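First the structure, in the form of C-alpha cells, and then the observations on it.
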Protein chains: 2
Amino acid sequence: MKDIAQRAGVSESAVSFALNGRPGVSEVTRDRVRRVAEQLGWRPSTAARQLSGEGAATVGFVLARPADTLGVDSFFLQLVSGIQEVLAERHLGLLFQVVEDVTDECAVYRRWWAEHRVDGVLVVDPRTDDPRPGLLDELGLPAVVIGGAPDERHPGLSTVWADDAGAMASVVDELYRLGHRRIVHIAGLPGLAHTERRVRTLRAEAERRGLTEVESVTTDYSDAEGAAVTRRVLGRPAPPTALIYDNDVMAVAGVTTATELGFSVPADVSVVAWEDSALCRMVRPWLSALSRDSVEFGRTAARELTALLDGGPARTVRVPVPQVIVRESTGAARGA
Amino acid sequence: MKDIAQRAGVSESAVSFALNGRPGVSEVTRDRVRRVAEQLGWRPSTAARQLSGEGAATVGFVLARPADTLGVDSFFLQLVSGIQEVLAERHLGLLFQVVEDVTDECAVYRRWWAEHRVDGVLVVDPRTDDPRPGLLDELGLPAVVIGGAPDERHPGLSTVWADDAGAMASVVDELYRLGHRRIVHIAGLPGLAHTERRVRTLRAEAERRGLTEVESVTTDYSDAEGAAVTRRVLGRPAPPTALIYDNDVMAVAGVTTATELGFSVPADVSVVAWEDSALCRMVRPWLSALSRDSVEFGRTAARELTALLDGGPARTVRVPVPQVIVRESTGAARGA
DNA sequence: CCGGGGAAGTCAATGGATTGACCCCAACTA
DNA sequence: TAGTTGGGGTCAATCCATTGACTTCCCCGG
C-alpha cells in the first residue's frame, strides 16, 4: 500500500479510502489509485486487515468422521462444493479440517476462535445431545448447523435442515401402497439427529397403520454393515419385503447381498436408498432413491452463514423435502 | 498478551519469550507466564503472528473439477484426510477451494499469494502442458505437485508421484499371462499427466509384445462415459477380452453394462479397476483392482510440503507402485 | 574495589490496513 | 471582507505478536 501511495502521489489513507469506495477522495484520484493498484497486482493482506478488526474472511468446516468411513460418501463433496460456490463470490476462504470425533471437533473450534482464524463455522452431522451448539453459543462464534432439527435452546445459531420426517413418511406411504407390511430401515449412526428423526418417524408411521413388523437397525453407514444387516434380516423366517437404507453405499451393498441370497429385487424385496447419487444408476436394478439437492443444501447453508456474518439474525431454514425417485428397485409386495 | 503480561507482572516481551521457549526469562517466570496463559486460554492471533513475519500457518488446496464430476470419487477425500493428519500435528490449517478449471485455479493461487493467505499449496491433477508449476515457481509459492511425473523445469517444486507406468506394465503383464490379446483401456481425462503416462505405457507394452489390438480411449471419469465406451467397444465384431478402467466408478458402470449386453465377467471379458475402493467389493463379481494407499499418499505429500516450508530442498518422492489385487473380475481369456 | 560478563528483562520499532481527528483551501454567504 | 462550509486529503493511533537494541543487576575474577 505504501508503494501504491507513493506511485499515486497520495497518502496511504487516501489509498485505503479510494480502494474501499469510501468518500474522501475525488473520482480522479480514486481512478488513479485503482489503476496503480491493479497494475501492481495488489491485494490487501488478510492478516493486516484482520488486525484492524475486519475479521478473518474465512469460515471453518470440520468433518468428524474416522478416516476410513470417509471414502465413498458423495454427500460431503457435493455439500462442500455448494458451500464454496457461495463463499467464493465473497472471497471468503474455507478452512477445512478432518478430525476423529466431536470432542476433537470442539477443541478445533476453541482453537480457531482463540486464534481468530475464522469468522464463523458450518457444523454438520448434528447429534442428539450434541455439545457443539452449546460451545459455539458460549464462544459467540457465528455458526450454521446443517441438517439439525430446529433447536430453541441456542438462539444464536442458524439451522438449515431437510424434513427427514416428511421424507420418511412419504417413503412409508409409497411402500405401504405397494402392499409392503414388513419393512426394515437400515439406518445410519445411532447418535445422529437425523437418524433419530427417521427412526422415530418410521415408528410413528408404523403405529399409525398398525404395522407391527417394522423396525430400524442402526449401522455405521459402511457397505460392510449394510451387507451384514441385510444378510441377517433376510435370513429370518418371515423376512421383510422392503428395505430402506440410509445411504447409497449401504443400499448397493444391500442389493448385492440380497441377490446373492437368492432374493430378487424388486420381486422378492424392494429397496430404497436415502441419497440419490450416480451409484444408484450404476447398478442393476437401478435404485429407487430419495433425492435431495446436496449442492443447493450447501449453498443455502453458506448463504445463511454469510447473512449471519453480516449481522443478520439467526434463522431456521428448511430446504425442500427430499423426493422419492422411483426406479427399478421398488415394486409391489409379493402376493399384495 | 497484554493481559497475561499484566497478570504475570512482566513485560509483553517477556511473555513472548516465555511462551516461545526462547532464552531471556528464568524458568520460574516462564512457568508463571505459562500458567497464566493457559488459564486465560490464550492462543496467539494468527493474524498478528503473520504480520510479524511468521507466515500464515495455512496451506492451500484447490480442486479444479466441475461440481458434478466431483461426487463419487473416493480418492480425494482420502487424500485430504491423509494430508490433514500431517498438517494437524503442526497446527497448520488447510484452506480448501473448489473451482471450475485450471485457469480459475491459477487465479486463486495468485490471490492467495497476494493476500498472504497461505504459506504453500498442494497441487493435484497435474496436466501435460500445465500452467501451474510455472506460475508457482514464478510466484515463489512453495508447492508440492501430487501425482505428477518428475519435472526438471521447475526445481522449486516438490513432486510426489506414483509409478503409473510400472503399474500399467504389471497389469498388462497379468492380462497377457491370462491370454488376453485384445485389451481396451478406458482412460480418464485426456489432459492429465497420469492419463498420458498410462496411455503411453500401454502402447509401449503392446508394441513390445507385438499386440495390435490394444488401445486407450479417454473419458471424463463419469459412470456415464464409462458405460458408453464399454457399450461401444463390446459391440465390435471382435470385442476386447479385457478392459482396464481408470477409476472405480467407470469400472462398476462398465461391469453393469457388459452384463446387460450379455457378456459374462470374467468369462467373456475381464475387468480391472484403477483404484481400489469399497465400491470394488460392493458389486459382484468383486472387481480386481489396482490398489494404492491414498491416505498415505496424502500424508507423504503433506510431509514434503512441511519440509519445504521448513526451508528444506525441493524433492521428488515416489510412493510405492500400486499393486494389482486380483479378485473375481479377471480370468483367463476365452480359448486361451 | 572495580570492571567485565552474563542472565533476566524492558523498550520501542515493525508489519499492513483501517479510521477518527485534524488540516487546508476554494467557493459561497452575509 | 470576514466567516462558514465542505470537498479532498493527511497524520497518527490502533490491532497483536515478534525482535533487535538496550538496561539492570548480580556474580566473579583480578
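Chain letters run A, B, ... following the sequence lines, proteins first, then strands; residues in each count from 1. As the structure is a prediction and not an experimental result, all values here were calculated from the model.
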Nucleotide [N], atom [atom2] - distance to [atom1] of [X] in whole Å:
X      : N       : atom1 : atom2 : result
E54(B) : dG16(C) : CD    : C1'   : 16 Å
R22(A) : dT18(C) : CZ    : C1'   : 8 Å
I4(B)  : dT10(C) : CD1   : P     : 14 Å
F17(B) : dT18(D) : CZ    : P     : 10 Å
E27(B) : dG9(C)  : CD    : C1'   : 15 Å

Distance-only donor-acceptor test (3.5 Å): side chain S13(B), base dT19(D):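 Answer yes: a donor N or O sits under 3.5 Å from an acceptor.
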Mutual orientation of the aromatic rings belonging to F76(A) and F61(A) [parallel < 30°, tilted 30-60°, perpendicular > 60°]: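 Because their plane-to-plane angle is over 60°, the rings of F76(A) and F61(A) count as perpendicular.
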Polar side chain donor-acceptor pair, T58(B) to R117(A), under 3.5 angstrom: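 Yes - a donor-acceptor pair under 3.5 Å links their side chains.
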Donor-acceptor pair, side chain of S158(A) and main chain of R315(A), under 3.5 angstrom: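 Yes, because the side chain of S158(A) sits within donor-acceptor range (under 3.5 Å) of the backbone of R315(A).
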Sidechain-backbone polar pair: N20(A) side chain, R22(A) backbone, donor-acceptor under 3.5 Å: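 No; zero donor-acceptor contacts below 3.5 Å.
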E27(A)/R30(A) under salt bridge (Lys or Arg N to Asp or Glu O under 4.0 Å): CA gap, chis, key distance, verdict: CA-CA 5 Å; E27(A) 272 315 306; R30(A) 195 182 296 274; 3.3 Å; yes
Check nucleotides 15-17 of chain D against the protein and report each pair of N or O atoms closer than 3.5 Å, with its distance, or say if there are none.
from	atom 1	to	atom 2	distance (Å)
dC15(D)	O4'	L51(A)	O	3.4
dC15(D)	O2	L51(A)	O	3.2
dA17(D)	OP1	W42(B)	NE1	3.0
dA17(D)	OP1	S45(B)	N	3.4
dA17(D)	OP2	M1(B)	N	3.3
dA17(D)	N3	S52(B)	OG	3.2

Over 12 non-hydrogen atoms of neighbours within 6.0 angstrom of CG in D129(B):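 Open.
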Touch class at under 4.0 angstrom, heavy-atom based, for V15(A) against every strand present: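 Touches nothing.
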